[in-house]
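What follows is one structure encoded as structure tokens, with my remarks underneath.
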Amino acid sequence: MSERKLAAVKSALASQRIETPSWAYANSGTRFKVFTQAGVPRTPQEKIDDAARVQRHTGVAPLVALHIPWDRTDDYAALAAYARQRGVRTGTVNANVFQDDDYKLGSVTHPDPAVRRKALDHLMECVDIMDATGSRDLKLWFSDGTNYPGQDDIRARQDRLSEALSAVYERLGEEQRLVLEYKLFEPAFYSTDVPDWGTSYAHCLKLGPRAQVCVDTGHHAPGTNIEFIVAFLLREGKLGAFDFNSRFYADDDLMAGAADPFQLFRILYEVRVGGGLQPEAGIAFMLDQCHNIEPKIPAIIRSVMNVQEATAKALLVDREELAKAQRAGDVLTANGLLMDAYNTDVRPLLADVREELGADRDPMAAYAASGWAARITEERVGGQQAGWGA
């Protein structure tokens, strides 16, 4: 690789920003049991402290996403200021309209207008929080759906969803965005109100340019070509965010790249081709994970590194040679160019990038040697540990 190309690759990697989720630092996990760990944060501020450690070691994770009410506090402007003092910033605000008993039959699509009003009030509260923190994005995921045929009117539920999204969209500031996530199933097993990227895309297209699709890498049927979805949405200017995680069977929320690192590489290659790595593209590269059996901070560091490695490999693909092979119909050469990039050991390159950023060449080893785990285990005694559903 020429010095010029190497410099361009390193510049792209140095400018990458990966957002970490506050809830991943708390007690969170699978659907059957959450195993508590020593040293888990008890407050939003302590979650930010842990996020700051990830940023310190990796150099590319300066944003921490909030989840309301899990990160509820009396003064959100003060929370944002606290984050800045720690060297990070508050990022995406995630709404929660799936835990209250009132939402058993849905939130914004519930048959009862009183429940719909409650859900919409919460979404508006989240926009208020964005105003206070300076956050750009409001991420919406709805568990709404039905379990049985005939349980509710599918078309009427889409009308209710559209009405709620329109109200939120109108409330947003000029620099704020709505990113709409989707999920194939769970907990609604017959029909989910936002089950796929097409449904999210249709609603966002109707809303306007500040409504974008959020692609969660774990929210697809087995065998789905996620990189095609990414390429399509980038082409249409409608890809707003990623929720990076990994799964083996369903929505397992495991470390990004754990199950299929080659898929993560293919996705990020399409991001590169579509211009999504450029800051002006506005794509939020966020982790959305739960760490139930592994230590939380190292798991997040490893996930950040996995996304970095997949990005580096995507940047190494020789697009000029690939275009020649594609024009010539040379299938094997074209595929080989992608495979050569994927099989390149990019760890030394990334170590150099981190060092130039003032971070650690080996973030995992640096964290292990930092003493942070022992410190928080000793200091965070008493009080109520933060957790999934807190």
Side-chain angles (χ1 to χ4, degrees), residues 9-10 12-21 23-25 28-29 50-51 53-65 91 214-220 226-227 230 241-249 251-272 276-277 283-317 338-355 357 359-368:
V9 168
K10 292 175 74 174
L13 291 169
S15 65
Q16 187 172 35
R17 298 294 177 262
I18 300 169
E19 190 169 349
T20 68
W23 54 97
Y25 299 102
S28 55
D50 288 351
R53 293 302 303 190
V54 174
Q55 164 63 2
R56 176 173 176 175
H57 295 304
T58 66
V60 295
L63 294 165
V64 54
C214 175
V215 174
D216 186 304
T217 51
H219 286 183
H220 304 85
I226 301 174
E227 54 268 33
V230 169
F242 279 100
D243 275 359
F244 284 123
N245 56 55
S246 200
R247 62 88 181 269
F248 288 93
Y249 299 107
D251 177 26
D252 293 337
D253 284 342
L254 303 177
M255 293 188 301
D260 190 349
F262 185 47
Q263 180 191 66
L264 185 58
F265 159 76
R266 299 193 311 265
I267 290 169
L268 283 163
Y269 174 70
E270 293 301 332
V271 172
R272 176 206 171 185
L277 292 178
I283 298 175
F285 296 98
M286 200 189 84
L287 306 178
D288 182 12
Q289 304 174 177
C290 297
H291 304 294
N292 200 22
I293 62 173
E294 67 271 37
K296 299 175 188 305
I297 298 174
I300 296 171
I301 291 174
R302 173 58 66 190
S303 295
V304 170
M305 293 172 68
N306 287 350
V307 175
Q308 284 184 294
E309 289 184 19
T311 305
K313 293 178 179 185
L315 288 164
L316 292 182
V317 175
L338 257 71
M339 295 308 300
D340 286 346
Y342 176 70
N343 288 318
T344 301
D345 184 358
V346 295
R347 290 174 295 181
L349 168 63
L350 285 165
D352 290 344
V353 170
R354 293 187 195 106
E355 188 172 56
L357 286 172
D360 295 300
R361 292 183 64 85
D362 184 345
M364 293 291 286
Y367 176 75

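When reading the values below, keep in mind they use all heavy atoms of this one structure, side chains included, and skip hydrogens, waters and symmetry mates. Quick note: residue numbers are just sequence positions, from 1.
- Taking the side chain as every heavy atom from C-beta outward, Thr344 and Leu349 never approach each other to under 4.5 Å.
- The nearest pair of heavy atoms linking Gln55 to Pro62 is OE1-N, 3.3 Å.
- Taking the centre and axis of the six-membered ring of Tyr342, the NZ or CZ atom of Lys313 falls inside the cone set by 45° and 6.0 Å.
- Counting heavy atoms from C-beta outward, Leu315 and Leu277 have side chains that approach closer than 4.5 Å.
- Atoms CG and CD, from Leu63 and Glu19 in turn, are 5.0 Å apart once rounded to the nearest 0.5 Å.
- In this structure, the side chains of Glu270 and Arg266 stay at 4.5 Å or more apart for every pair of heavy atoms.
- At a threshold of 4.5 Å between non-hydrogen side-chain atoms, the residues Phe242 and Ile267 count as touching.
- The local environment of CZ in Arg361 is crowded, with over 12 non-hydrogen atoms from other residues, nucleotides or ligands closer than 6.0 Å.
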Inset, instruction - List the steps and the verdict of side chain to side chain donor-acceptor pair (under 3.5 Å) for Asn245 and Asp216. - result: CA-CA 7 Å; Asn245 56 55; Asp216 186 304; 3.0 Å; yes
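- By the 4.5 Å heavy-atom criterion applied to side chains, Phe285 and Val307 are not counted as neighbours.
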Legend entry - side chain to side chain contact (heavy atoms under 4.5 Å, CB included) between Asp288 and Trp23, intermediate numbers included: CA-CA 9 Å; Asp288 182 12; Trp23 54 97; 3.1 Å; yes
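- Closest heavy-atom contact between Ser303 and Ala256: OG-N, 3.5 Å.
- Between the side chain of Arg272 and the backbone N or O of Ala314 there is at least one donor-acceptor pair closer than 3.5 Å.
- Residues Arg354 and Gln308 meet the side-chain proximity criterion, which asks for heavy atoms closer than 4.5 Å.
- Residues Val317 and Phe265 are in side-chain contact: their nearest non-hydrogen atoms beyond the backbone lie under 4.5 Å apart.
- Between Met255 and His291, the closest side-chain pair of non-hydrogen atoms falls below 4.5 Å.
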Legend entry - Working for side chain to side chain contact (heavy atoms under 4.5 Å, CB included), residues Thr311 and Gln16: CA-CA 9 Å; Thr311 305; Gln16 187 172 35; 2.8 Å; yes
